[in-house]
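Model, not experiment: these values are computed from the prediction. Numbers here simply count residues along the sequence, with the first being 1.
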Amino acid sequence: MKPVELKNGIYWVGVIDWAVRDFHGYETPHGTTYNNYLIIDDEPTLVDAVHHDFAHISIENISRIIETQKIKNVVINHIENDHAGGLEQILTLIPEATLYMTEKAKKALSKFINIEKYKIKTVKTGDTLKIGKRTLYFIETPMMHWPDSMFTYLKEDKVLISQDAFGQHLATVERFDDEFVDCYSVAELEDAVVDYYANILMPYGNVIKAKIEEIKKSGIEIEIIAPDHGVIWRSHIDKVLNLYSEMVDAKAQLGAVIVYDTMWHSTEQMVYPIAKGLEEEGVPVKIFKLRATPKSVAVKEAWKYRGLIVGSPTLNNGIFPSVADFLTYIKGLRLKNRLFSAFGSYGWSGEAVKEILEIGKAMKLEVLEPGIRVLYKPSEEDLNKCYEFGIAFGKALKEYHAKREV
Ligand code: FEO
């Protein structure tokens, strides 16, 4: 896709990755984009690079606007491979450019490229760079979501280039939020924001909250938020900021998500009476079988609702592998403020349910013990017990949710 002008002299020169479906283990059914931005001024400046495989496309986009060799500065907001992976290919064309990044970015980048070859200036929050009529203002955002990260704010144009924050994994020809909403819907855009947050940024909620507060207090006016993935925000800025505030506070809807896997359908047979019990209590339920659902989708849904029930058969004295994988994933993402329990069938030792509950405790979730287990195949009596378990979880969930909402 050719460059797109955000504001007079400020261009998106990124690329659309229509094909990526596995983003370091995070399923991306809609692909993504790697956004970078070219600012035309006395000292033409590039903010961020792109994924290694697509650097040539970004270089072509740049060359549609100016001779690449005229770029004087390169700002590196974030050194993760999907943004800095293509940096060297660009720097080969502009070896004399000055690189601006945080001290931590410099240290980390030295592990990827020979930084001795380049002029590097490290910056911290409050530092500015005058490139002509424009001033770039840097804001460090450590652990949002890597230690090296920062934002670049274009003062005169009121454009915040926010690296991964406020991004979405959406491969789309629409470059702006309003264009996307016209073609699709606000709900789809919100869903993409939640999906991205749940799978990438969830562990750093408190850092994000503090940073948003800091930016608001500093009186910075924002007319455009230009992230490094997905559409650029110019019409729904308040919406995305509010959505982030809510996500940071781990707000959740009343509802339960059942995530499970099964060997010979015995654990699966337990799912439906549990769901029936929850419905009887007026609790909406969503059900995800892990071998039929990417874990990133299950995580997004677990993020939206207050209750999480995980089902696993016991295999070789432990948790079924796909369920263990999901639990490792949510543990790393530090899901919080959830009522949690477990169920599953077993043949002889039956450790899985207990182990799942222990993981819930280690995550500091509110754990409803002891969960429910059945031996081999559930009998009618077992299925009734599952229904009763669903009722009990539903009652406890309503109480827990009411307390969290206060
Ligand atoms: Fe899009 Fe943290 O990289």
Can you list, pair by pair, the side-chain donor-acceptor contacts under 3.5 Å of residues 353-363, counting residues two or more places apart and other chains?
residue, atom, partner, partner atom, Å
Glu358, OE2, Lys361, NZ, 3.2
Lys361, NZ, Glu369, OE2, 2.9

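- Defined by atom type and a distance below 3.5 Å, a donor-acceptor pair is missing between the side-chain atoms of Asn61 and Tyr11.
- No more than 12 heavy atoms of other residues, nucleotides or ligands lie within 6.0 Å of CG in Asn316, so this atom counts as exposed by the packing criterion.
- Only one option out of Gln253, Arg338, Glu366 pairs with Arg306 in a side chain to side chain contact (heavy atoms under 4.5 Å, CB included); it is Arg338.
- Between the side chains of Thr172 and Glu174, at least one donor N or O lies within less than 3.5 Å of an accepting N or O.
- For the ring-ring contact (aromatic ring centres under 6.0 Å, His included) condition, the pairs that include at least one residue of residues 59-93, sequence neighbours left out, are His78-His83, His78-His145, His78-Trp146, His83-His229.
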Result block: side-chain N/O donor-acceptor pairs under 3.5 angstrom for residues 279-287, not counting sequence neighbours:
residue, atom, partner, partner atom, Å
Glu281, OE1, Lys398, NZ, 2.8
Glu281, OE2, Lys395, NZ, 3.2
Lys286, NZ, Glu301, OE1, 2.9
Lys286, NZ, Tyr305, OH, 3.4

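- Under the 6.0 Å cut-off for aromatic ring centres, Phe54 and Tyr34 qualify, their centroids lying closer than that.
- Residues passing the salt bridge (Lys or Arg N to Asp or Glu O under 4.0 Å) test with Asp382: none are found, sequence neighbours excluded.
- In this structure Tyr184 satisfies the ring pair (Phe, Tyr, Trp, His ring centres under 6.0 Å) test together with Phe180, sequence neighbours excluded.
- Counting only N and O atoms by type, the side chains of Asp164 and Tyr196 include a donor and acceptor under 3.5 Å apart.
- Applying the side-chain contact (heavy atoms from CB on, under 4.5 Å) criterion to Thr92, with sequence neighbours excluded, gives no partner residue.
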